[in-house]
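Have a look at the structure below, then the notes.
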Amino acid sequence: MASEIKTEPMRVLVTGASGLIGKAIEHVVFKEGGKQEGEEWFFISSKDGDLTDVEQTRAVFEKYHPTHVIHLAAKVGGLFIHLKENLQFLRDNIKINDNVLHTAHETGVSKVVSCLSSCIFPDKTTYPIDETMIHDGQPHESNYGYSYAKRMIDIQNRAYFQQHKRCYTSVIPTNVFGPHDDFSAENGHVLSAVIGKTYKAKRDGTHVTVCGTGNPRRQFTYSLDLGRILVWVLREYDDVEPLITSIGPEKEVSITEAVEMIAEALNFKGEIVYDTTMSDGQMRKTASIDKLRRYLPDFTFTPLDEAIKLTCDWLVANYDIARK
């Protein structure tokens with residue numbers, strides 16, 4: 001199958017491309033030499049079509065005629081909007097995923113790489129968790145709608161392979177952050193939300209409030225590292241089974257440790273307050289990357305403090321156009 005994929009130049013459609021990961025892939029493809037001769041890459045966002053609508057999804061595929069798809073499009077948000085809108089996250093993401101995967105199948109797309117999330121991991125489990133364990137228990141109740149919708153991509157991939165021999169697969173990144181993220185307190189994930197809060201607190205001379213105790217531990221992954229891995233997955237990884245794409249569990253840190261790195265990167269000297277009346281979410285999501293290391297033993301992830309500094313520098317330089 002790998003040789004078959006490489007015989008003709010690819011036409012790659014990247015859905016959800018205006019977001020964090022899409023921008024990272026675009027950087028890797030066009031600024032780091034990731035695009036090969038003869039290839040065409042198309043980066044689309046919700047402005048190009050509503051993927052919850054099957055007819056608009058078909059129109060997108062008819063316009064670009066992709067041979068390959070990197071599927072990033074999703075309804076996403078931070079912890080507290082998930083708590084309020086689990087049903088909407090479930091319904092919208094199921095529609096998006098089914099429309100993209102089935103339209104890809106109907107139009108003869110040879111490979112789809114979808115992006116899942118570490119929130120799909122069971123809430124009650126043993127650590128580190130690996131790719132064989134993602135369906136072994138219920139996800140955390142805080143975002144079960146989004147989590148189950150994302151899990152279903154793996155089920156669909158298996159079914160498309162079983163019934164149609166399609167090479168549709170998925171990656172499971174953990175806690176991705178970087179340039180072009182959503183830095184708003186309402187919709188941003190924890191690291192980028194705190195970066196946004198800290199920038200504003202330094203500017204306004206106020207304190208920073210961090211939701212929860214700061215005790216949960218996370219594997220934070222720089223978006224450009226994930227972008228490089230996703231381009232490799234598209235070219236070389238031909239297993240339907242998902243692949244965890246994350247910094248290693250030995251690099252896991254507490255929210256407090258990450259917040260301190262953010263304060264240092266932004267030279268913030270003010271007070272940091274932890275609001276312990278607010279939910280911590282899942283305390284751990286520790287993921288094994290043994291499978292990834294077997295495929296890419298020499299891949300080096302950007303150290304967390306360096307990645308945070310790069311992200312903070314990007315926000316400072318691009319604050320007027322950043323999501324915040």
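- Partner of V69 under the side-chain contact (heavy atoms from CB on, under 4.5 Å) criterion, out of T103, V109, V14: V109 alone.
- Results of the side-chain hydrogen bond (donor to acceptor under 3.5 Å, both in side chains) test with Y160 over H105, H102, K165 single out H102 as the only residue that passes.
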Problem set entry | Pair T132-D130, side chain to side chain donor-acceptor pair (under 3.5 Å): steps then yes or no | CA-CA 6 Å; T132 68; D130 65 32; 2.6 Å; yes
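- In this structure, M283 is not a member of the same hydrophobic cluster as Y127, with clusters built from ILVMFWY side-chain heavy atoms closer than 4.5 Å.
- Between the side chain of D53 and the main chain of Q56, a donor-acceptor pair closer than 3.5 Å is present.
- To the nearest 0.5 Å, the span separating CZ on F220 from CE on M261 amounts to 9.5 Å.
- By the 4.0 Å N-to-carboxylate-O rule, R293 lies close enough to E250 to be salt-bridged with it.
- Using a 4.5 Å cut-off between side-chain heavy atoms of Ile, Leu, Val, Met, Phe, Trp and Tyr, with links allowed through other members, I120 and M152 fall into different hydrophobic clusters.
- Counting heavy atoms from C-beta on, the side chains of L230 and L226 come closer than 4.5 Å.
- Closest of all the heavy-atom pairs between T15 and A73 is OG1-N, 3.1 Å.
- For E306, the CD atom sits in a packed shell: over 12 heavy atoms of surrounding residues, nucleotides or ligands are nearer than 6.0 Å.
- The cationic atom of R228 (NZ for Lys, CZ for Arg) does not lie both less than 6.0 Å from the six-membered ring centre of F299 and within 45° of the ring axis.
- A donor-acceptor pair shorter than 3.5 Å cannot be found between the side chains of D275 and T209.
- Nearest heavy atom pair, residue I153 against residue S114, reads CG2-CB, 3.6 Å.
- In this structure the side chain of L90 never reaches within 4.5 angstrom of the side chain of Y146, judged on heavy atoms.
- Within the 3.5 Å criterion, the main-chain N or O of K75 finds a donor-acceptor partner in the side chain of N93.
- In this structure, N86 contributes its side chain and G145 its backbone to a donor-acceptor pair below 3.5 Å.
- Summarising the geometry of P139 relative to C119, their closest heavy-atom pair is CB-O, 3.6 Å, with the distance given to 0.1 Å.
- Side-chain contact between L243 and T169: absent, with no pair of heavy atoms (C-beta onward) separated by less than 4.5 Å.
- Annotation: Y295 is in aromatic contact with Y237 [ring centroid separation under 6.0 Å].
- Two residues are said to be in side-chain contact when any heavy atoms from C-beta on lie closer than 4.5 Å; H71 and I96 meet this criterion.
- Aromatic pair F161/Y168: centroids not less than 6.0 angstrom apart.
- T52 and D92 share no side-chain donor-acceptor pair at under 3.5 Å.
- In this structure, T256 contributes its side chain and G214 its backbone to a donor-acceptor pair below 3.5 Å.
- Hydrophobic clustering (ILVMFWY, side-chain heavy atoms < 4.5 Å, transitive): Y148 and V100 are in distinct clusters.
- Closest of all the heavy-atom pairs between C211 and M278 is SG-SD, 3.6 Å.
- Here the side chain of T67 pairs no donor or acceptor atom with the backbone of M10 at under 3.5 angstrom.
- Between the side chains of Q219 and N175, no donor-acceptor pair of N or O atoms lies under 3.5 Å.
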For this session: Check the pair V190 / I255 against side-chain contact (heavy atoms from CB on, under 4.5 Å), numbers first and verdict last.
Result: CA-CA 8 Å; V190 57; I255 301 297; 4.0 Å; yes
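- Both I70 and W232 belong to a single network of hydrophobic side chains, linked directly or stepwise wherever heavy atoms of I, L, V, M, F, W or Y lie under 4.5 Å apart.
- At least one donor-acceptor pair under 3.5 Å links the side chain of E257 to the backbone N or O of S254.
- In this model, a donor atom of one side chain and an acceptor atom of the other lie less than 3.5 Å apart for T174 and S246.
- Using a 4.0 Å cut-off between a side-chain N of Lys or Arg and a carboxylate O of Asp or Glu, E39 and R235 qualify as a salt bridge.
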For this session: Before giving the answer on side-chain contact (heavy atoms from CB on, under 4.5 Å), spell out for V29 and V231 the whole-Å C-alpha distance, their side-chain angles and the decisive distance to 0.1 Å.
Result: CA-CA 8 Å; V29 168; V231 171; 4.2 Å; yes
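- Tracing side-chain contacts under 4.5 Å through hydrophobic residues (I, L, V, M, F, W, Y), one reaches Y64 starting from F61; they form part of the same cluster.
- Between V171 and P242 the shortest side-chain heavy-atom distance does not fall below 4.5 Å.
- Taking the ring centre of Y319 as origin, the terminal cationic atom of K324 falls inside the region bounded by 6.0 Å and 45° from the ring axis.
- Aromatic pair F43/F30: ring centres closer than 6.0 Å.
- Two residues are said to be in side-chain contact when any heavy atoms from C-beta on lie closer than 4.5 Å; I129 and P122 meet this criterion.
- Nearest approach of S184 to A193, heavy atoms of both residues: O-CB, 3.7 Å.
- Nearest heavy atoms, R323 versus L20: NH2-N, 3.9 Å.
- Crowding of E264 atom CD: a count of heavy atoms from other residues, nucleotides or ligands under 6.0 Å not exceeding 12.
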For this session: Apply the test side-chain contact (heavy atoms from CB on, under 4.5 Å) to residues C115 and I21: give CA-CA distance (whole Å), side-chain angles for both, the deciding distance (0.1 Å), then the verdict.
Result: CA-CA 9 Å; C115 195; I21 301 172; 3.8 Å; yes
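- Side-chain atoms of R11 do not come within 3.5 Å of backbone N or O of H68 as any donor-acceptor pair.
- A 4.5 Å side-chain heavy-atom check between L101 and V112 finds at least one atom pair inside the cut-off.
- Counting only distance, with no hydrogens or angles, the side chain of K309 and the backbone of I262 share no donor-acceptor pair below 3.5 Å.
- At a cut-off of 3.5 Å, with distance as the only test, a side-chain donor of S192 or D181 sits close to an acceptor on the other residue.
- Contact of the Y274 side chain with the I272 side chain is registered, since non-hydrogen atoms from C-beta on lie closer than 4.5 Å.
- A salt bridge links R158 to D154: at least one charged side-chain nitrogen sits closer than 4.0 Å to a carboxylate oxygen.
- Look at E106 and R58 and you find a salt bridge, because one of the NZ, NE, NH1 or NH2 atoms lies within 4.0 Å of a carboxylate O, short of that distance.
- Counting only distance, with no hydrogens or angles, the side chain of K285 and the backbone of R218 share no donor-acceptor pair below 3.5 Å.
- Panel note: side chain R284, backbone P216; no donor-acceptor pair is recorded below 3.5 Å.
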For this session: Given side chain to side chain donor-acceptor pair (under 3.5 Å), test Q156 with N97 step by step and report yes or no.
Result: CA-CA 9 Å; Q156 289 173 287; N97 299 334; 5.3 Å; no
